[in-house]
Amino acid sequence: MGYEKTFSIIKPNAINKNVIGKIMAQFEENNLKIAAAKLSKIERSKCEEFYAEHKERPFFGELVDFMTSGPVMLMVLAGEGAIAKNREIMGATNPAEAAEGTLRKLYADSMGENAVHGSDSPTSAEREISLFFEPNEIVNE
Ligand code: ATP
Ligand code: MG
């Protein structure tokens with residue numbers, strides 16, 4: 001484990017709720033640093049590449065439609081055990097199963113519109129960070 005970097009997205013439904021600051025504050029309160037951040041819109045082709053592992057799933061089209069429907073906050077989070085810690089702060093994929101106080105319990109609307117993304121392994125973190133950030137954009141490690 002040790003000191004890690006992970007990739008995080010505040011999804012369009014949470015941006016619509018005007019809770020970017022509240023979500024970023026939760027990361028900071030849990031000792032994760034915002035190592036890089038940009039408010040952006042994801043291109044459809046980039047989004048398909050990002051979610052390539054879900055290409056054959058029935059919800060793939062809907063997932064890409066949603067993730068490209070509005071602005072997102074793309075972030076690199078850094079800290080001790082950042083990958084697992086971020087997943088814990090996020091809560092379960094399905095908000096109905098998300099623990100009290102987690103970001104998905106607080107801000108998800110459904111399984112699809114579930115407020116945040118977080119890398120699920122060191123390999124994913126590395127792939128996802130490099131898909132959205134140049135090394136010189138990670139300025140607060
Ligand atoms: P994420 O990758 O966004 O952090 P996750 O790792 O908890 O979420 P995955 O299994 O990787 O969950 O699914 C990726 C995303 O696809 C989910 O966050 C959710 O938005 C969407 N998704 C997953 N399963 C379903 C489903 N059964 N119906 C609709 N959308 C789904
Ligand atoms: Mg995932």
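Counting starts at 1 for both ligands and their atoms, following the listed order. Note that the numbering runs from 1 along the sequence shown for the chain.
Looking only at side-chain heavy atoms (C-beta outward), K85 and T6 stay at 4.5 Å or farther from each other. Contact check for K22 versus L106: no side-chain heavy atoms found under the 4.5 Å cut-off.
Residue M75 is tested with I10, N86, I9, I129 for a side-chain contact (heavy atoms from CB on, under 4.5 Å); the sole match is I10.
A heavy-atom cutoff of 4.0 Å around ligand 1 is satisfied by the protein residues K11, Y51, H54, F59, L63, R87, M90, T93, R104, M111, G112, N114, H117, G118.
R127 CZ to S121 OG: the interatomic distance, rounded to the nearest 0.5 Å, is 9.5 Å.
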Can you give the donor-acceptor pairs under 3.5 Å from side chains of residues 44-52 to other protein atoms, not counting sequence neighbours?
residue : atom : partner : partner atom : Å
R44     : NH1  : D65     : OD1          : 3.0
R44     : NH2  : D65     : OD1          : 3.0
K46     : NZ   : L131    : O            : 2.7

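In this structure, K38 satisfies the cation-pi test against F133, with its NZ or CZ atom closer than 6.0 Å to the six-membered ring centre and inside 45 degrees of the ring normal.
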